J.: 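The structure's right below; bear with me while I get my questions together.
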Amino acid sequence: MNLRIGNGFDSHRLVEGRDFILGGIKIPYERGLAGHSDGDALIHAIIDALLGAIAFGDIGELFPDNDPQYKNIQSDKLLHETLEHINKACYRINNLDCTIICEAPKLSPYKKNIINNLAGLMSIEPTQVSIKAKTAEQMGAFGRGEGIAVIATVLIEKLKSLETA
Ligand code: MG
């Protein structure tokens with residue numbers, strides 16, 4: 001079996017006047033994630049984990065934040081393009097494990113929606129997607145709720161038909 005692993009990290013500031021979108025799901029909150037795109041730190045960390053797994057650079061190289069075509073773009077479109085690279089490399093996702101560090105809003109009511117949405121976007125089963133949310137115990141910038149951070153790990157496996165070819 002040909003397995004590869006990748007990790008990704010992302011953080012975004014919380015600012016007023018922006019929607020809070022995480023894993024493609026809009027979560028009601030008084031502030032949202034700043035960013036050139038929609039600021040979806042969860043999808044960005046997943047993209048970096050996927051790119052890392054195939055040693056294909058990083059999100060900033062593929063989707064430069066000074067490129068107008070990515071201004072306010074929905075991050076699921078970036079994920080879609082990333083998955084094309086995974087497909088082209090003849091890999092498929094085995095499983096994904098993500099940790100979100102977020103003081104507020106409380107994410108537990110939305111976890112199931114996020115998991116189902118991510119699974120749909122990646123054409124995998126919800127059981128292949130793990131989302132964990134925790135606070136920073138009021139320590140530092142994340143603990144003060146100035147932003148959120150996400151760590152993602154992904155395991156991918158070579159498609160069998162090509163492994164034996
Ligand atoms: Mg980002």
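Values in this document were obtained by computation on a predicted structure and should not be read as measured data. Whatever order the structure lists ligands and atoms in, that order sets their numbers, starting from 1.
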J.: Counting distance only, does the side-chain N/O of Arg4 pair as donor-acceptor with the main-chain N or O of Ala53 below 3.5 Å?
T.: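 Such a contact is found between Arg4 side chain and Ala53 backbone.
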
J.: Would you say that Leu107 contacts Ile131 through its side chain, given a criterion of any heavy-atom pair below 4.5 Å between the two side chains?
T.: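 No, their side chains stay 4.5 Å or more apart.
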
J.: Would Glu157 and Arg92 pass as an ion pair if we require N to O under 4.0 Å?
T.: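 Salt bridge flag = yes for Arg92 with Glu157.
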
J.: Quick one: sort the Phe63 and Tyr70 rings into parallel, tilted or perpendicular, breaks at 30° and 60°.
T.: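 It falls in the perpendicular class, over 60°.
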
J.: Looking only at N, O or S atoms in Asp10, which is nearest to the Mg ion (ligand 1)?
T.: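 Sorting the N, O and S atoms of Asp10 by distance to the Mg ion (ligand 1) puts OD2 first.
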
J.: Which is the closest N/O/S atom of His44 when seen from the Mg ion (ligand 1)?
T.: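 Result: ND1.
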
J.: Assess Asp40: does it contribute an N, O or S atom lying under 2.8 Å from the Mg ion (ligand 1)?
T.: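 It does not; every qualifying atom lies at 2.8 Å or beyond.
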
